[in-house]
Each structure stands twice: as C-alpha cells, then as structure tokens.
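Atoms within a ligand are numbered from 1 in the order they appear, just like the ligands themselves.
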Amino acid sequence: MKNVIEIQHLSKSFGTHEVLKDIDFSVNKGEVVCVIGSSGSGKSTLLRCINLLERPSGGQIVYQGENILDNNHNINNYRTKLGMVFQSFNLFNNLNVLTNCIVGQTKVLKRSKSDAENVAMKYLKVVGLDRYINAKPHQLSGGQKQRVAIARALSMEPDVLLFDEPTSALDPEMVGEVLKVMKELAGTGLTMLIVTHEMEFAREVSDRVVFMDKGVIVEEGSPEQIFNHPQNERTKAFLKRTF
Ligand code: ADP
Ligand code: MG
C-alpha cells in the first residue's frame, strides 16, 4: 500500500516535558485512521506536528519520498496538501460561508475566483450547506459551522484530511450530522486521520485504529482487533473506562 505520510521516530517536547516519544506511524492512501486515547496523551500534538503547527523536536515526516523537516525543504507545498478540521471550527467570522471556502483556494492555490467558487459549491453541496452560502458563521449552528469547516478543508483538495476532535465542541444533538458527513467522506476513498472520542464512529469508519497513551502509540490495528481483542493492558483499561 502506498503511504501518503510516514512518520519516523517523531518526538516533541515542551520544555522538559516530552509529549511525543519516538512515534512511528504512517497513513496510507485512501485509508481512514482514527486515533483514540485519554486526554493529554499527545493526540493533538501529533496532528499539530504533522501539519507543522508545532515544530517536532526530532524525527522525520516523509512526504513523497522527502523528509519535510529537512531545513532546506520547501514546506509551503506540503502545507497545501494537508487539510485540517479543528475542534473549534476556526472559521473566518467576518466572511460568509462561500468566501470562507474560497479564500484559501485563491490566495494559496492561486485558483481564479470562478474556479474557486465552483469547487467551493461542489463541497458545500457534499456537506449539505449549499443553500447557506451567504450566511455568516454567527448565523449557523455549531454543527453547520463544522460542516463549513469540512467543506473549506475539502475545497483545498488535500492529500489527507486531519480532524482533531471535530465533534467535541458540539451540543450532543449536533454531533450526528457532522459524523454523518464524515462517514460519507470516509466512503469516498478520501485519506483521513481523525482524533476522536466517538468510539462507535471509530469502530464503524476506521480501516485502522491507533491507541495513544502518554506520548506513545501503545497499540494499533483493525477496529475488530482494538475494540474486541485489545492486547495491551493500557488499551484494555482505556476501553473499559470509555465504554
Ligand atoms: P491530547 O490531544 O491527547 O489531549 P495534547 O497533545 O493536547 O493531548 O497534549 C499532550 C500534553 O502536552 C499535555 O500534557 C499538554 O498539557 C501538553 N501540551 C500541549 N501543548 C502544549 C504547549 N503548547 N505547551 C506546553 N505543553 C503543551
Ligand atoms: Mg487534543
């Protein structure tokens, strides 16, 4: 299987606190990988290192055969290949829905406004919000905002979409609509790396589940392996607390 991103010996410390320890891990093309684990185990830091919101302290991130952490590597191209969906949406609040989905395309990818508009409309339809193009974020529910954020990320047509607990900030009644969109996307062959506490969702959509604890990958495998037959005591204890 062809990997999109391969991480080797990745580490990250904040001061003397080592938050990621010697992480080896890859995401293959078309694969949906869910990362689970207790709060504070380093899941967000792992995603933030992958998309370079944090500078890793050590190790390699190999993309298209090159270590993008090499000092002379042009990271701008790499950055455009990763889409990110945050827990807190991070929409541009002064811009309407359509413009939120266009600015990255015109500014970063240098697409024409009309091309960008067509692409944005395509993905706003996918998330079911093409009727809301003129709305401002404050006029939308949390679930709608997160779906705009997903459409915005999709509009950049990245190689991999990263999600950091995309439903954790939502009222319970809005979690379902966002998970439904993500499930549909997972079925289209998109490459997705998802940090989530939604265990039923992870079981249903994942090709692979990664369990992290205290900065290391403790165990990874198919949903069947991790949820039904966990091998490691830490995985077992986590699942016991969660279910
Ligand atoms: P998770 O997403 O699994 O809850 P995080 O990656 O957010 O875990 O955090 C892992 C650890 O790193 C926590 O102990 C957290 O306090 C620490 N941490 C995260 N970001 C920073 C930061 N910018 N500065 C200092 N410590 C941080
Ligand atoms: Mg987190």
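- More than 12 heavy atoms of other residues, nucleotides or ligands sit less than 6.0 Å from atom NZ of Lys21.
- Under the side chain to side chain contact (heavy atoms under 4.5 Å, CB included) criterion, Lys122 pairs with Glu157, not counting sequence neighbours.
- Residues of the protein with a heavy atom under 4.0 Å from ligand 1 are Phe14, His17, Val19, Ser38, Ser39, Gly40, Ser41, Gly42, Lys43, Ser44, Thr45, listed by chain and number.
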Table please: side-chain donor-acceptor pairs of residues 127-134 below 3.5 Å, with sequence neighbours left out.
from	atom 1	to	atom 2	distance (Å)
Tyr132	OH	Gln144	NE2	3.4

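- Evaluation of the side chain to side chain contact (heavy atoms under 4.5 Å, CB included) rule for Glu117 yields Leu98, Ile102, Lys113 as partners, not counting sequence neighbours.
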Evaluate side-chain hydrogen bond (donor to acceptor under 3.5 Å, both in side chains) for Thr235 paired with Glu219, printing each intermediate quantity in order. CA-CA 7 Å; Thr235 320; Glu219 189 167 354; 2.6 Å; yes

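- Ser44 lies close to the Mg ion (ligand 2), since one of its N, O or S atoms is found at a distance under 2.8 Å.
- In this structure, Glu177 does not pair ionically with Lys180, as no charged nitrogen and carboxylate oxygen lie closer than 4.0 Å.
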